[in-house]
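Structure, as structure tokens:
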Amino acid sequence: MNKDVYVVVEQRGGCIEKVGCELLGKALDLAAALDQRVVAVLLGDGVRQKAENLFAYGASEVVVVDDPVLKEYTTEPYTKALVSVIETFKPEIMLFGATFIGRDLAPRVAARIHTGLTADCTGLDIDPESRLLLMTRPAFGGNIMATIVCREYRPQMATVRPGVMQAILPDASRGGKVIAHPVAFSPVDMNVEILKITAEVGRSVDITAAEVIVSGGLGVGSAQGYQPLRELAAALGGEVAASRAGVDKGWIDRDRQVGQTGKTVRPRLYLAFGISGAIQHLAGMEDSDIIIAVNKDADAPIMSVADLAVVGDLREVVPKLTRAIQKYKEQEA
Ligand code: FAD
């Protein structure tokens with residue numbers, strides 16, 4: 001009999017990835033609907049001492065596979081470890097972050113244990129009658145939302161992109177149990193040897209962590225057109241982002257793209273300049289706390305999701321706004 005909602009919590013260099021905590025928050029809702037528990041799975045080398053941190057985010061148990069073989073992520077040993085966890089504990093549901101690692105690991109595990117996997121879910125729920133996991137994701141280029149169920153096989157597995165779900169506020173009073181789950185690795189599991197790891201310095205940016213996002217679309221007009229947006233972002237202590245159109249033009253790096261095929265963001269403030277608000281863009285930012293849109297076209301779809309819709313030319317509005325914020329900060333200093 002399968003039971004409990006499992007979350008594979010990713011760590012890099014011993015640091016827990018935020019998406020793991022977000023998924024624990026969602027797992028709490030699912031587990032409550034099923035009257036089951038939330039279990040985190042932590043894989044790595046020397047990660048045992050990090051396990052207790054996950055209780056505060058909703059896990060009531062943490063299964064730890066701690067082994068030097070798992071120091072760096074490689075597909076085969078991580079797959080073997082997770083398959084062993086699944087065969088031993090028999091989860092009802094298993095959630096993964098749709099990160100580079102999750103996107104590699106989850107399909108491999110699903111194939112190995114012969115179950116289904118729904119990738120990049122934007123909604124997860126429990127059907128009160130069948131008690132099945134309802135996994136919702138955009139389909140056909142984002143034109144429809146499809147809800148998918150996995151009736152026959154267990155665990156029901158899904159990946160969710162960072163920023164889509166919300167972590168609960170950590171509650172240090174929550175406790176739980178850590179279960180060490182040793183796995184016997186052998187040399188045949190090590191089909192890949194990592195010779196060297198080179199971290200990309202200063203190139204990649206995590207816009208999902210930004211509290212303020214200044215985003216520009218095709219209306220920005222050119223690569224240089226993003227410079228005033230960078231100045232505004234600097235004044236606000238935020239990050240610059242873009243629609244896919246801006247990225248496809250080569251005006252800005254792809255890791256700053258917001259939307260269905262970019263990142264999902266949920267900042268406190270999202271400023272959209274010269275972005276029309278296509279459904280694929282809205283999918284990545286509509287849960288922001290406050291949305292301000294500046295567009296020449298009063299009928300652009302972004303205007304109807306904005307808390308403040310400004311009809312105007314961004315080339316006039318952006319520098320004025322930057323100056324006003326800089327002046328305000330000088331007065332406050
Ligand atoms: P446009 O739609 O061309 O809008 C430009 C806007 O700028 C207009 O509203 C115009 O009025 C305004 N404007 C022009 N000049 C000014 C000015 N001087 N001042 C103020 N306003 C001005 N898109 C994404 O963003 N993210 C995704 O992840 C994504 N994924 C996709 C996945 C699929 C499968 C598909 C099919 C599409 C995807 N798209 C995505 C593309 C999406 O459909 C739109 O084409 C794209 O978002 C449009 O970008 P935009 O709003 O910058 O450009």
Rounded distance [0.5 Å steps], [atom1] in [X] versus [atom2] in [Y]:
X      : Y      : atom1 : atom2 : value
Gln257 : Ile252 : CD    : CD1   : 10.5 Å
Met145 : Cys121 : CE    : SG    : 9.5 Å
Leu321 : Leu271 : CG    : CG    : 7.0 Å
Ile291 : Leu282 : CD1   : CG    : 8.0 Å
Leu43  : Lys80  : CG    : NZ    : 13.5 Å
Lys26  : Met165 : NZ    : CE    : 5.5 Å

Is the shortest side-chain heavy-atom distance between [X] and [Y] below 4.5 Å?
X      : Y      : value
Leu133 : Val149 : no
Val310 : Asn295 : no
Ile16  : Cys21  : yes
Thr88  : Ser84  : yes
Gln227 : Val240 : no
Asp104 : Tyr78  : no
Phe96  : Leu23  : no
Cys150 : Thr115 : yes

- [ ] Report the C-alpha separation of Asp253 and Arg256 in whole Å, then their side-chain angles, then the decisive distance to 0.1 Å, and conclude whether the salt bridge (Lys or Arg N to Asp or Glu O under 4.0 Å) test is met.
- [x] CA-CA 6 Å; Asp253 288 344; Arg256 293 184 187 266; 5.2 Å; no
Open item on the list: Ignoring hydrogens and geometry beyond distance, is a side-chain donor-acceptor pair present between Arg244 and Thr261 at under 3.5 Å?
Closed with: yes
Tell me whether [X] at atom [atom1] has more than 12 heavy atoms from other residues, nucleotides or ligands lying less than 6.0 Å away.
X      : atom1 : result
Arg112 : CZ    : yes
Tyr57  : OH    : no
Ile194 : CD1   : yes
Lys18  : NZ    : yes
Asp35  : CG    : no
Ile290 : CD1   : no
Arg12  : CZ    : yes
Arg108 : CZ    : no

Least distance between heavy atoms, [X] atom then [Y] atom:
X      : Y      : value
Leu82  : Leu105 : CD1-CD2, 3.7 Å
Ala245 : Leu218 : CB-CD1, 3.6 Å
Tyr226 : Ala242 : OH-CB, 3.5 Å
Ala59  : Leu24  : CB-CD2, 4.2 Å
Val220 : Leu314 : N-CD2, 4.0 Å
Gly58  : Arg174 : O-NH2, 3.6 Å

Cluster question for you: counting only ILVMFWY and a side-chain heavy-atom cut-off of under 4.5 Å, with indirect links fine, are [X] and [Y] together?
X      : Y      : result
Leu34  : Met94  : no
Val183 : Val63  : yes
Val247 : Ile275 : no
Ile126 : Met157 : no
Phe185 : Val47  : no

TODO: Please assess Thr74 against Glu72 for the test side-chain contact (heavy atoms from CB on, under 4.5 Å), listing each intermediate value before the final yes or no.
DONE: CA-CA 6 Å; Thr74 47; Glu72 305 296 347; 5.5 Å; no
Any donor-acceptor N/O pair, [X] side chain to [Y] backbone, under 3.5 Å:
X     : Y     : result
Glu17 : Gly20 : no
Asn2  : Pro91 : yes
Ser60 : Val38 : yes
Gln49 : Gly46 : yes

- [ ] State whether Asp289 and Arg266 are salt-bridged, where the test is any N-O pair (Lys NZ or Arg NE/NH1/NH2 against Asp/Glu carboxylate O) under 4.0 Å.
- [x] no
Open item on the list: Under the criterion side-chain contact (heavy atoms from CB on, under 4.5 Å), I'd like the reasoning laid out for Leu30 against Leu95: C-alpha separation, chi angles, the key distance, then a yes or no.
Closed with: CA-CA 11 Å; Leu30 303 175; Leu95 308 178; 4.2 Å; yes
Task: Full working for salt bridge (Lys or Arg N to Asp or Glu O under 4.0 Å) between Asp66 and Lys50 - done: CA-CA 11 Å; Asp66 203 325; Lys50 300 280 173 184; over 6 Å; no
- [ ] Take Lys263 and Asp255 through the side-chain contact (heavy atoms from CB on, under 4.5 Å) test and state the conclusion after the steps.
- [x] CA-CA 8 Å; Lys263 305 249 172 78; Asp255 57 5; 3.9 Å; yes
Task: With Phe89 via ring-ring contact (aromatic ring centres under 6.0 Å, His included) - residues at least two apart - done: His181
Open item on the list: Using side-chain contact (heavy atoms from CB on, under 4.5 Å), reason through Lys196 and Thr198 one step at a time and then give a plain yes or no.
Closed with: CA-CA 6 Å; Lys196 189 178 170 196; Thr198 311; 3.9 Å; yes
- [ ] Quick one: do Thr136 and Thr122 satisfy side chain to side chain donor-acceptor pair (under 3.5 Å)? Show the steps, please.
- [x] CA-CA 6 Å; Thr136 302; Thr122 52; over 6 Å; no
- [ ] Might you work through the side chain to side chain donor-acceptor pair (under 3.5 Å) test for Thr99 and Glu10, ending with a clear yes or no?
- [x] CA-CA 9 Å; Thr99 58; Glu10 214 175 283; 2.5 Å; yes
Open item on the list: Glu92 and side-chain hydrogen bond (donor to acceptor under 3.5 Å, both in side chains): which single residue from Lys3, Gln156, Gln36 fits?
Closed with: Gln156
- [ ] Check Val258, Asp307, Asp287, Val305 against Tyr270 for a side chain to side chain contact (heavy atoms under 4.5 Å, CB included) and give me the one that passes.
- [x] Val258
TODO: Output, in order, the C-alpha distance, side-chain angles, deciding distance and verdict of salt bridge (Lys or Arg N to Asp or Glu O under 4.0 Å) for Arg103 and Asp120.
DONE: CA-CA 9 Å; Arg103 282 167 202 252; Asp120 284 351; 3.5 Å; yes
